[in-house]
Peer 1: 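Input: one structure, supplied below.
Just so you know, residue 1 is the first one in the sequence shown, and it goes up from there.
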Amino acid sequence: MDFKHYVSKNNNGVDDYGLKCMNEDGYAQICKKFKVEFPPQSQDVQPGMEYLMRPRPIFDNPKYKGSNKLKDKVAIITGGDSGIGRAVSVYFAKEGAKVVIIYYNEHKDANDTREYIERLGGKCMLLSGDIKDTNFCDKIVHETMSRFGKIDILVNNAGVQYQQKSLLDISDDQFEYTMKTNIFAMFYLTKRVLRHMLPGSSIINVTSITTFIGEPELIDYVTSKGAIVGFTRSLATNLADKNIRVNAVSPGVFWTPLQPACWDSQKIPTLGSDAPMGRAAQPYEIAPIFVYLASDDASYTTGQVMHVNGGQYKG
């Protein structure tokens, strides 16, 4: 589909800032000359809604063909409704996994993801709630075990971030909310899931490049993401003799709902421009790392932090 046809048919004549190709279901796809450019935009909700973004993130590479690396595995993915979580959910389904998507209140995004997975022939269950609530964490495990009978993979992806110019601008309530969402909830859910994991299982935590380079306007977020690195390394060592692997993925700047939900709208067009590759990434570009860490290909990989950031940080 050429750009002119796309604009007139799908976007009411409004330039979509570089998006050149969209499939019949309305999802963005990769084009040979695709260049990412984002217009100024913001959202006043956390963790953000993908369906409101322009252009919408690219979460699937149609050239990626699954090879049953995760056949019959059961994966719980927090924040699996959108952004990186959506891409991971789709790629896991392509590899044969049954996917349990945990999300807060992004009902449209979650249902869109479930429908996409089901069109691929995969199985997907949605559970909506607050992972800071230990009762909801209990429910996640109960519902997953009741429907699928096991848990092989846990992806702790959900998180929030808030832009503040100074430490003095971060309220005690904001700090507590960020820490509880990003690290406390990870502890709560991992502890409950772990009771049902067998040898060969995999836990994948999402940290951030900001942990390693610092981000002056995300102090509480960086603190929480640093804690995730420590949690990952300690738990990996603790569980190594049980053959349960624990790793982390550290994304650079990706075009996800977290960005317009956090940053001032005028910062959006320059996202990722300071990376050597000169751009922000799309969610599909990180999903294969999660497939690797979840699969038997990574049978001797634990306690590691995988960096995907366009060369901005070389760890």
Side-chain angles (χ1 to χ4, degrees), residues 17 36-50 52-57 78-79 82-85 104 106 131-132 156-186 205-232 248-283 285-286 305-315:
Y17 294 86
V36 179
E37 297 173 337
F38 311 122
Q41 59 195 280
S42 63
Q43 298 184 24
D44 59 0
V45 294
Q46 282 274 7
M49 306 290 178
E50 185 160 316
L52 295 176
M53 297 172 68
R54 294 295 180 268
R56 292 177 68 178
T78 68
S82 62
I84 289 173
Y104 185 45
E106 310 92 327
I131 55 174
K132 300 190 302 299
N156 288 306
N157 167 70
V160 296
Q161 66 178 34
Y162 299 92
Q163 179 185 14
Q164 299 289 2
K165 297 292 185 181
S166 163
L167 179 67
L168 301 179
D169 297 326
I170 301 174
S171 69
D172 292 349
D173 286 343
Q174 178 187 309
F175 181 81
E176 183 175 341
Y177 187 87
T178 300
M179 295 298 290
K180 283 188 173 180
T181 302
N182 294 357
I183 183 63
F184 282 37
M186 184 178 295
N205 303 322
V206 178
T207 180
S208 169
I209 188 176
T210 61
T211 295
F212 301 91
I213 65 174
E215 169 49 63
E217 296 183 8
L218 296 176
I219 295 172
D220 53 339
Y221 174 79
V222 174
T223 302
S224 69
K225 290 298 181 174
I228 290 170
V229 173
F231 178 66
T232 298
V249 178
S250 178
V253 179
F254 277 74
W255 183 232
T256 72
L258 201 63
Q259 307 299 350
C262 167
W263 297 111
D264 178 90
S265 63
Q266 297 306 310
K267 187 181 175 82
I268 297 299
T270 62
L271 284 175
S273 61
D274 52 349
M277 295 186 74
R279 64 174 178 88
Q282 293 286 348
E285 295 180 288
I286 200 170
V305 179
M306 302 294 188
H307 295 277
V308 185
N309 55 55
Q312 188 175 5
Y313 172 80
K314 300 170 181 66

Peer 1: Excluding sequence neighbours, so at least two apart, what forms side-chain hydrogen bond (donor to acceptor under 3.5 Å, both in side chains) with Gln161?
Peer 2: none
Peer 1: Is a side-chain donor or acceptor of Ser224 paired with a backbone partner of Tyr221 at a separation under 3.5 angstrom?
Peer 2: yes
Peer 1: Nearest 0.5 Å please: distance from the CD atom of Gln259 over to the CD atom of Gln163.
Peer 2: 10.5 Å
Peer 1: Atom CG of Asn156 and atom CD1 of Ile183: how far apart are they, to the nearest 0.5 Å?
Peer 2: 8.5 Å
Peer 1: Looking at Tyr162 and Val160, what are the two nearest heavy atoms and their distance?
Peer 2: CE1-CG2, 3.9 Å
Peer 1: With sequence neighbours excluded, tell me which residues meet salt bridge (charged side-chain N to carboxylate O under 4.0 Å, His left out) with Lys165.
Peer 2: Glu217
Peer 1: For Tyr313, which residues count as a ring-ring contact (aromatic ring centres under 6.0 Å, His included) partner, sequence neighbours excluded?
Peer 2: Phe212, His307
Peer 1: Can you list the residues that meet the side chain to side chain contact (heavy atoms under 4.5 Å, CB included) rule with Leu167, with sequence neighbours excluded?
Peer 2: Ile170, Ile219
Peer 1: Which atom pairs, donor and acceptor, lie under 3.5 Å between side-chain atoms of residues 267-275 and protein residues at least two apart or in another chain?
Peer 2:
| residue | atom | partner | partner atom | Å |
| --- | --- | --- | --- | --- |
| Thr270 | OG1 | Lys267 | O | 3.0 |
| Ser273 | OG | Thr270 | O | 2.7 |
| Asp274 | OD2 | Gln312 | NE2 | 3.2 |

Peer 1: Could you pull out the closest heavy-atom pair between Ser82 and Pro257, with the gap in Å?
Peer 2: OG-CG, 3.7 Å
Peer 1: Under the rule for side chain to side chain contact (heavy atoms under 4.5 Å, CB included), what residues qualify as partners of Val308, not counting sequence neighbours?
Peer 2: Phe254, Ile286, Ile289
Peer 1: Any chance you could measure Ser208, atom OG, to Ile213, atom CD1, to the nearest 0.5 Å?
Peer 2: 7.5 Å
Peer 1: Could you walk me through whether Val45 and Glu106 pass the side-chain contact (heavy atoms from CB on, under 4.5 Å) test, one step at a time?
Peer 2: CA-CA 10 Å; Val45 294; Glu106 310 92 327; over 6 Å; no
Peer 1: Suppose we screen for side chain to side chain contact (heavy atoms under 4.5 Å, CB included). Which residues come up paired with Pro260, at least two apart in sequence or across chains?
Peer 2: Gln41, Gln43, Met53, Trp255
Peer 1: Around atom NZ of Lys132, are there more than 12 heavy atoms from other residues, nucleotides or ligands closer than 6.0 Å?
Peer 2: yes
Peer 1: Which atom pair, heavy atoms only, marks the closest approach of Trp263 to Ser42?
Peer 2: O-CB, 4.3 Å
Peer 1: For residues Thr207 and Ser250, report the shortest heavy-atom separation together with the two atoms involved.
Peer 2: CG2-CB, 3.6 Å
Peer 1: My understanding is that only residues two or more places apart in sequence, or in another chain, count here; which of them pass side-chain hydrogen bond (donor to acceptor under 3.5 Å, both in side chains) with Asn157?
Peer 2: none
Peer 1: May I ask you to decide if Ile131's main-chain N or O and Lys180's side chain share a donor-acceptor pair within less than 3.5 Å?
Peer 2: no
Peer 1: Is a side-chain donor or acceptor of Thr78 paired with a backbone partner of Ala158 at a separation under 3.5 angstrom?
Peer 2: yes
Peer 1: Could you tell me whether a side-chain N or O of Gln174 sits under 3.5 Å from a main-chain N or O of Ser171, the two making a donor and an acceptor?
Peer 2: no
Peer 1: Does Thr256 have any side-chain hydrogen bond (donor to acceptor under 3.5 Å, both in side chains) partners at least two apart in sequence or in another chain, and if so, which?
Peer 2: none
Peer 1: Taking only residues two or more places apart in sequence or in another chain, which ones pass salt bridge (charged side-chain N to carboxylate O under 4.0 Å, His left out) with Glu50?
Peer 2: Arg86
Peer 1: What pairs with Val222 under side chain to side chain contact (heavy atoms under 4.5 Å, CB included), at least two apart in sequence or on another chain?
Peer 2: Thr210, Glu215, Leu218
Peer 1: Search all heavy atoms of Val305 against all heavy atoms of Val229 and return the closest pair with its distance.
Peer 2: CG2-CG1, 4.3 Å
Peer 1: State which residues pass side-chain hydrogen bond (donor to acceptor under 3.5 Å, both in side chains) with Gln46; sequence neighbours excluded, sorted by chain then number.
Peer 2: none
Peer 1: Testing the basics here: between Leu258 and Gly159, what is the closest heavy-atom pair and its distance to 0.1 Å?
Peer 2: CD1-O, 3.7 Å
